[in-house]
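Naming convention: chains lettered A, B, ... in sequence-line order (proteins, then strands); numbering from 1 in each chain.
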There are 2 protein chains.
Amino acid sequence: MSDLAAPGDHNGPESGLAYLRVADDIAARIASGELAPGTRLRAERELAEYYEVSYGTIRRAAEILRERGLIQTIHGRGTFVS
Amino acid sequence: MSDLAAPGDHNGPESGLAYLRVADDIAARIASGELAPGTRLRAERELAEYYEVSYGTIRRAAEILRERGLIQTIHGRGTFVS
DNA sequence: CCCGATTTGTGCGTATGTATC
DNA sequence: AGATACATACGCACAAATCGG
């Protein structure tokens with residue numbers, strides 16, 4: 001599965017910083033086309049469960065992706081791939 | 001602009017305690033009218049980045065400003081100039 | 001027009017580990 | 001040894017925006 005709209009299992013070699021690990025993973029999925037532009041990501045709190053990190057960590061990762069222009073977040077609606 | 005709702009750059013002569021430096025800076029901005037009453041400050045975690053200090057230091061600075069009656073913090077809403 | 005569900009936004013309190021003074 | 005500060009991270013509570021019924 002590979003997409004962030006359908007949970008499965010997660011993986012990661014526990015490399016360093018949690019928020020970077022998450023940000024890089026999502027960025028890779030966008031780059032690979034797995035997450036197409038316009039696609040809505042799962043809710044931040046769901047991503048937290050998916051990645052097994054806290055909500056705050058997801059918010060950090062999202063902030064990074066926002067700065068990179070990879071995603072766009074709308075209050076009350078969700079987060080979308082740019 | 002120089003407001004805490006739109007980042008720019010910052011600089012400081014590393015004078016003494018970090019939380020006092022931050023508190024004094026914000027107090028000065030309020031005193032100068034740069035931050036008008038009712039204005040909402042940026043999120044504490046953003047202020048941490050802005051001032052290049054840790055989140056805990058921002059919380060400490062905010063506590064001081066609250067005691068001085070310069071700001072008012074509302075859970076879930078934000079911090080406002082009194 | 002209001003109500004409730006969903007989702008993002010913000011603040012609160014705390015913990016761990018590291019570095020510096 | 002102790003105090004100050006930083007960086008990261010967790011979990012929770014409350015608030016606000018959006019959408020559908």
Enquirer: Can we say A:Asp25 and A:Arg29 salt-bridge, meaning some charged N sits less than 4.0 Å from an Asp/Glu carboxylate O?
Expert: yes
Enquirer: If the cut-off is 4.0 Å, is A:Thr79 near the phosphate of C:dT7, judged by side-chain N/O to OP1 or OP2?
Expert: no
Enquirer: Please give, in whole Å, the distance from C:dT10 P to B:Glu46 CD?
Expert: 6 Å
Enquirer: Taking the side chain as C-beta and beyond, is there a heavy-atom pair between A:Leu20 and A:Ile64 under 4.5 Å?
Expert: yes
Enquirer: Between B:Arg40 (CZ) and C:dG11 (C1'), how many Å, whole number?
Expert: 11 Å
Enquirer: What parts of residues 61-70 of chain B reach DNA chain D, counting only heavy atoms under 4.0 Å away?
Expert: none
Enquirer: Any chance you could measure A:Glu46, atom CD, to A:Ile58, atom CD1, to the nearest 0.5 Å?
Expert: 11.0 Å
Enquirer: To the nearest 0.5 Å, what is the distance between CZ on A:Arg45 and CG on A:Leu47?
Expert: 11.5 Å
Enquirer: In this structure, how many angstroms lie between the P atom of C:dT14 and the CD atom of B:Glu44, rounded?
Expert: 14 Å
Enquirer: How many Å lie between CZ on A:Phe80 and C1' on D:dT18, as a whole number?
Expert: 10 Å
Enquirer: Got more than 12 heavy atoms from elsewhere within 6.0 Å of CD, A:Gln72?
Expert: no
Enquirer: Can you check the A:Leu41 CG to C:dT6 C1' distance for me, whole Å?
Expert: 16 Å
Enquirer: Using whole Å, what does the distance between atom P of nucleotide C:dT6 and atom CZ of A:Arg42 come to?
Expert: 15 Å
Enquirer: Can any side-chain N or O of A:Ser82 pair as donor or acceptor with the backbone N or O of A:Gly69 at less than 3.5 Å?
Expert: yes
Enquirer: To the nearest 0.5 Å, how far apart are OG1 in A:Thr57 and CD in A:Glu52?
Expert: 12.5 Å
Enquirer: Should A:Arg77 be listed as having a side-chain N or O under 4.0 Å from OP1 or OP2 of C:dT6?
Expert: no
Enquirer: Rounded to whole Å, how long is the line connecting atom CZ of B:Arg59 with atom P of C:dT10?
Expert: 15 Å
Enquirer: Please list, for nucleotides 6-10 of chain D, all pairs of protein and nucleotide N/O atoms separated by less than 3.5 Å.
Expert:
from	atom 1	to	atom 2	distance (Å)
D:dC6	OP2	B:Ser54	N	3.3
D:dC6	OP2	B:Ser54	OG	3.0
D:dC6	OP2	B:Thr57	OG1	2.0
D:dT8	OP1	A:Tyr19	OH	2.9
D:dT8	OP2	A:Arg60	NH1	3.4
D:dA9	OP1	A:Ala18	N	2.4
D:dC10	OP2	A:Ser54	N	2.8
D:dC10	OP2	A:Ser54	OG	2.8
D:dC10	OP2	A:Thr57	OG1	2.4

Enquirer: For residues A:Ile30 and A:Thr39, determine if any side-chain heavy atom of one lies less than 4.5 Å from a side-chain heavy atom of the other.
Expert: no
Enquirer: Quick check: closest heavy atoms across A:Leu65 and A:Ala23, and the distance to 0.1 Å?
Expert: CD2-O, 3.5 Å
